[in-house]
Structure formats: C-alpha cells, structure tokens
Amino acid sequence: MPSILIIYTGGTIGMIENPETGALENFDLEQFRRQVPELKRFNYNIDALAFGPPIDSSDMEPSYWVKMVRLIADNYHQYDGFVLLHGTDTMAYTASALSFMLENLSKPVIITGSQLPIGQLRTDGKENLLSSIEIAAAKDANGRPMVPEVCIYFDNQLLRGNRTTKINSEGFNAFRSHNLPALAQAGIHIFYETHLIRRPAPEAKFKPHFLMDDNVVILTLFPGIRKEVVDIILHIKGLKAVILKTYGSGNAPQASWLYERLEELHRRGVIVVNITQCSKGRVEMGRYETSLQLLDAGVINGHDCTLECVVTKLMFLLGHGYSREHITKLMSTNIAGEVTIPEEDETLSAS
Ligand code: ASP
C-alpha cells in the first residue's frame, strides 16, 4: 500500500471565509480533512502535517523552504511520495527552490493548491489534491516512482516545478510551463510523458540542502528607465546578484550610462544574469548589437529560465558560497532540468 505524506503550508486551498470580515483565512488540518472525506477512499496510507500556523504564500520566504526541505528529509524514507499544499501566488518560486534544494530526489514531490477554497462548491481544490495524491503514489512497470521530481499539478496538468510560472490570477488554468511541455496530462487516465521525466542516477544519494542566500535583486528594463533607478541597485549593501529582465531575445538599450553601471557591478564581483521579459523563448546574447554590449559588460546568459527559477537558483548557488566563476559556469549548466542549453554553450560551460 503506497504511503503519502501531505504537507499543508497554507494558501486558498485551505482557506475559509471569515463571516464577519468576508476575508479568506487559513483553517487547520483537521478542518481540512473534514472537507475532503474522499481521502479515505484511497487505498493508501495518507498522513498529513501542517505548518503552524499555515501561511498565505505571499508571505513566503527562504526560511519556509528550509522548513519544507526539513519536513521532506525527515520523512523521506517513510513515504513513497509527498504532496505539498501551497498558495498559488508564490508556488512557482517554491517549486523552483525545492528542485535545487532536494538534490538527487528519487520520490515525487507534487505541489498543488487551488483558486477556490476547498470548502466551496465549485472548488478546483479537490481535483487538484486527489490527482496530486494519485501522481505522488504512481509507480512504473518496474516499481519505480513515475515522477521522481518536484512538480506543480494544476488544472489537469503536471508541470516541472522549475519551469513553471503563474499566469492567471482568476482562471483554474493558473500555471504554464512555456519552455517545456507538460510532464503529464490528466483526463480519464493520466498520461505521463516518460521521455521528459528526469531520474537521478541509481547510485546517487538523496541530499537535502538548507542554505539559501537572498542577496539578489530583480531589475526590469522599460523604455524611459532612469539611471537613478540603477544607481539605487549599486548602493544595495551586500548585493551579490542582479537578474536583469531584458527585452525579446535579451536586448537592452545602448545608453552608455547603463553599461558603465553594469561594468561597475561586474568589477565589484556582482553576478548579472540576463533573462527575457517574454514568457516564452530564450536569451541569445550577441544575436543583436544591443545584447552584444551586455556580454562585454560581463552579463551572463540566463537562457530559457523562468524568473522564479533564476531567483532561486542564484539563492541556492550563493548559499553554497561558490565563487563568481563557478556560479557563472553553473548558471549555464542544467542541474535540475531547469534550463535548455544550446550545444555550443554547453561546450563553453564544460571547458
Ligand atoms: N494568496 C493566496 C496564496 O498564495 C492565493 C492562492 O492560494 O491562490 O496563498
């Protein structure tokens, strides 16, 4: 009989309307269990743990990721799979962070939530929860877990966690993985795209990580951006990395003040990573003159990563205390299925 551990962290899925204020508030695990009597119909051993107190995921911080990793690591050998109930707002950040922090994961960690609380009639929470449990328990013909990855399950799709972004604040189809197809699709049956699913090497030992360094900042370019805005970033004490959200395939304005500041960041040892503001596609540094200059200023390529992935990957790598050179190399290395590196860049990062 498969054993599944549900970890309830909070979010809309487990909220209830306060009759006095009308605002949604978190409720506890026992109330949650009462709302989903279907849990008893699984022929699985299902245990549940809750964050005390559960949080709205807008309050998410790296220390909570550490708490989640600790809960999974402490219970790793007792369970076949884990289902994490989480608010949708920062779910993609958590999924990305955990994909790095749970190295050589050989069991499913399926993160889900809902747009409507589980107690409401038209809730999407029940389907999301019940299918996530089924996926977390699923085994292949050789008895191995179907999806030994950190994934987000939402609205009938199973997506790789570190490829996923929240794209809809209202619809049930709240998440997309723009640069990688879904790992599974749920209908009458659940169809797994087995060729896309990652597995650790059989001899690789599960290794949880607990250190994240949050000295990172996001700088989004827009027409009319003023140098004073970039100057503020130069003055952030302890800053170690900037995620530069550029246009199209990684382009930025050619204003000399911008390059002077980027060069200064480089001189100070701050890592600057170029990702695109487009939802789909990749950064190709050097394709246009407007991105060639960024290369000259020491900016590194974020390829086709999501923002959530780059933020958490940098926190993870900085948390290891690696040198800038090593982090630069690892940003162009696929470590948890988070990035597609074109072949010519792969040889560069390997050399
Ligand atoms: N604010 C909620 C949260 O992220 C929204 C949700 O769960 O959908 O926790």
Peer 1: Check whether any side-chain heavy atom of Phe316 lies under 4.5 Å from a side-chain heavy atom of Ile327, and answer yes or no.
Peer 2: no
Peer 1: Determine whether a donor-acceptor pair (N or O, by modelled atom type, separation under 3.5 Å) exists between the side chain of Thr90 and the backbone of Tyr93.
Peer 2: no
Peer 1: Name all pairs fulfilling the ring pair (Phe, Tyr, Trp, His ring centres under 6.0 Å) condition that reach into residues 252-280, sequence neighbours left out, sorted by first residue then second.
Peer 2: none
Peer 1: Let me confirm one number: the NZ-CG distance from Lys313 to Leu318, rounded to the nearest 0.5 Å.
Peer 2: 12.0 Å
Peer 1: Counting only heavy atoms from other residues, nucleotides and ligands, does the tally under 6.0 Å from OH of Tyr64 exceed 12?
Peer 2: no
Peer 1: At what distance, to the nearest 0.5 angstrom, does CD1 of Ile133 lie from CD of Glu38?
Peer 2: 10.0 Å
Peer 1: Hey, are the side chains of Gln254 and Gln293 touching, using non-hydrogen atoms and a 4.5 Å cut-off?
Peer 2: yes
Peer 1: Does the structure place the NZ or CZ of Lys107 under 6.0 Å from the centre of the six-membered ring of Phe82, at an angle of no more than 45° from the ring's axis?
Peer 2: no
Peer 1: Without hydrogens or angle criteria, can the side chains of His86 and Thr9 be said to hold a donor-acceptor pair below 3.5 Å?
Peer 2: no
Peer 1: What's the verdict on side chain to side chain contact (heavy atoms under 4.5 Å, CB included) for Ile271 and Val273, showing C-alpha distance, side-chain angles and the deciding distance?
Peer 2: CA-CA 7 Å; Ile271 296 154; Val273 184; 3.9 Å; yes
Peer 1: Look at the side chain of Arg160 and the backbone N and O of Leu196, then say whether any donor-acceptor pair between them is shorter than 3.5 Å.
Peer 2: yes
Peer 1: Could you give the distance from CG (Leu234) to CG (Leu239), rounded to the nearest 0.5 Å?
Peer 2: 9.0 Å
Peer 1: Do Val83 and Phe206 share a hydrophobic cluster (ILVMFWY, side-chain heavy atoms under 4.5 Å, transitive)?
Peer 2: no
Peer 1: Side chains of Asn251 and Thr246: donor-acceptor distance under 3.5 Å anywhere?
Peer 2: no
Peer 1: Are Tyr8 and Phe51 an aromatic pair by the rule of ring centers under 6.0 Å?
Peer 2: no
Peer 1: Under 4.0 Å between a side-chain nitrogen and a carboxylate oxygen: does that hold for Asp80 and Lys139?
Peer 2: yes
Peer 1: Please name the pair of heavy atoms, one in Leu158 and one in Cys151, separated by the smallest distance, quoted to 0.1 Å.
Peer 2: CD1-CB, 3.5 Å
Peer 1: For the hydrophobic clusters of this structure (ILVMFWY residues joined by side-chain heavy atoms under 4.5 Å, transitively), does one cluster hold both Leu49 and Val36?
Peer 2: no
Peer 1: Just checking Phe100 against His209, ring centres under 6.0 Å apart?
Peer 2: no
Peer 1: May I ask you to test the Asp56-Met15 pair for a side-chain heavy-atom distance under 4.5 Å?
Peer 2: yes
Peer 1: With a 3.5 Å distance limit and no angle check, can you tell me whether Asn75 reaches the backbone of Leu71 through a side-chain donor-acceptor pair?
Peer 2: yes
Peer 1: Same cluster or not: are Tyr79 and Ile46 linked, directly or through other Ile, Leu, Val, Met, Phe, Trp or Tyr residues, by side-chain heavy atoms under 4.5 angstrom apart?
Peer 2: no
Peer 1: Does the Glu308 side chain pair with the main chain of Ala92, one donor and one acceptor, at a distance under 3.5 Å?
Peer 2: no
Peer 1: Any side-chain heavy atom of Glu149 sitting closer than 4.5 Å to one from Ile197?
Peer 2: yes
Peer 1: Where do Ser96 and Gly161 come nearest, in terms of heavy atoms and distance?
Peer 2: OG-O, 3.8 Å
Peer 1: In terms of side-chain heavy atoms, does Ser58 have a donor or acceptor partner in Asp89 at a distance below 3.5 Å?
Peer 2: yes
Peer 1: Indicate yes or no for a side-chain donor-acceptor contact from Asn142 to the backbone of Arg144 under 3.5 Å, with no hydrogens or angles considered.
Peer 2: no
Peer 1: Can any side-chain N or O of Ser323 pair as donor or acceptor with the backbone N or O of His326 at less than 3.5 Å?
Peer 2: yes
Peer 1: Do Leu314 and Ile243 make a side-chain contact, defined as non-hydrogen atoms from C-beta onward lying under 4.5 Å apart?
Peer 2: yes
Peer 1: Given Leu39 and Tyr44, is the side chain to side chain contact (heavy atoms under 4.5 Å, CB included) satisfied, shown in steps?
Peer 2: CA-CA 9 Å; Leu39 284 175; Tyr44 305 159; over 6 Å; no
Peer 1: Just verifying a value: how many Å separate Ile7 CD1 and Lys67 NZ, rounded to the nearest 0.5 Å?
Peer 2: 11.0 Å
Peer 1: Determine the minimum heavy-atom distance between Val339 and Arg163, stating which atoms define it.
Peer 2: C-NH2, 3.1 Å
Peer 1: Is it the case that over 12 heavy atoms from other parts of the model lie below 6.0 angstrom from the CZ atom of Arg122?
Peer 2: no
Peer 1: May I ask you to decide if Leu116's main-chain N or O and Ser114's side chain share a donor-acceptor pair within less than 3.5 Å?
Peer 2: yes
Peer 1: Could you pull out the closest heavy-atom pair between Met331 and His303, with the gap in Å?
Peer 2: O-CD2, 4.0 Å
Peer 1: Can you find a side-chain donor-acceptor pair between Asn45 and Ser3 that sits under 3.5 Å?
Peer 2: yes
Peer 1: Is Gln185 reaching over with its side chain to a backbone N or O of Ala182, donor-acceptor style, under 3.5 angstrom?
Peer 2: no
Peer 1: Looking at Thr88, Thr112, Thr165, which one forms a side-chain contact (heavy atoms from CB on, under 4.5 Å) with Phe175?
Peer 2: Thr88
Peer 1: Parallel, tilted or perpendicular: which fits the ring planes of His320 and Tyr322, with parallel below 30° and perpendicular above 60°?
Peer 2: parallel
Peer 1: Quick one, Pro342 and Arg282 - any side-chain contact, counting heavy atoms below 4.5 Å?
Peer 2: yes
Peer 1: Between the side chains of Tyr153 and Glu127, does any donor sit under 3.5 Å from an acceptor?
Peer 2: yes
Peer 1: So that I can tick it off, tell me whether Glu325 and Lys329 are bridged by a salt bridge, with the cut-off set at under 4.0 angstrom between side-chain N and carboxylate O.
Peer 2: no
Peer 1: More than 12 heavy atoms of other residues, nucleotides or ligands under 6.0 Å from CD of Glu170: yes or no?
Peer 2: no
Peer 1: State, to 0.1 Å, how close Cys305 and Val310 come at their nearest heavy-atom pair, and which atoms those are.
Peer 2: CB-CG2, 3.4 Å
Peer 1: Ignoring hydrogens, what is the shortest heavy-atom contact between Met146 and Arg199? Give both atom names and the distance.
Peer 2: O-NH2, 3.3 Å
Peer 1: Starting from the C-alpha separation in whole Å, work towards a yes-or-no answer on side chain to side chain contact (heavy atoms under 4.5 Å, CB included) for His195 and Glu193.
Peer 2: CA-CA 6 Å; His195 64 289; Glu193 300 293 342; 3.2 Å; yes
Peer 1: Would a 4.5 Å heavy-atom cut-off, applied to side chains only, mark Gln115 and Thr12 as touching?
Peer 2: no
Peer 1: Should Ile275 and Tyr247 be counted in the same cluster of Ile, Leu, Val, Met, Phe, Trp and Tyr side chains packed under 4.5 Å apart?
Peer 2: no
Peer 1: Is it true that, when you exclude Tyr288 itself, more than 12 heavy atoms of the residues, nucleotides or ligands shown sit nearer than 6.0 Å to its OH?
Peer 2: no
Peer 1: If only atom types and distance count, is the side chain of Glu338 paired as donor or acceptor with the main-chain N or O of Ala336 below 3.5 Å?
Peer 2: yes
Peer 1: Distance from Ile135 atom CD1 to Leu183 atom CG, nearest 0.5 Å?
Peer 2: 9.5 Å
Peer 1: Within the 4.5 Å heavy-atom criterion, are Thr276 and Lys245 side-chain neighbours or not?
Peer 2: no
Peer 1: Do any side-chain atoms of residues 210-223 form donor-acceptor pairs under 3.5 angstrom with protein atoms, and if so which ones, sequence neighbours left out?
Peer 2:
residue: Asp213; atom: OD1; partner: Asn215; partner atom: N; Å: 3.0
residue: Asp213; atom: OD1; partner: Asn215; partner atom: ND2; Å: 2.8
residue: Asp213; atom: OD2; partner: Lys240; partner atom: NZ; Å: 2.5

Peer 1: Could you tell me the separation between the CG atom of Asn156 and the CG atom of Asn128, rounded to the nearest 0.5 Å?
Peer 2: 8.0 Å
Peer 1: Check the hydrophobic clustering (I, L, V, M, F, W, Y; side-chain heavy atoms under 4.5 Å; chains of links allowed) and say if Met60 and Leu84 are grouped together.
Peer 2: yes
Peer 1: Evaluate the criterion side chain to side chain contact (heavy atoms under 4.5 Å, CB included) for residue pair Leu258 and Lys227; output intermediate values, then yes/no.
Peer 2: CA-CA 7 Å; Leu258 179 62; Lys227 49 173 171 282; over 6 Å; no
Peer 1: Is the side chain of Arg176 donor-acceptor paired with the backbone N or O of Asn168 at a distance under 3.5 Å, no angle test?
Peer 2: no
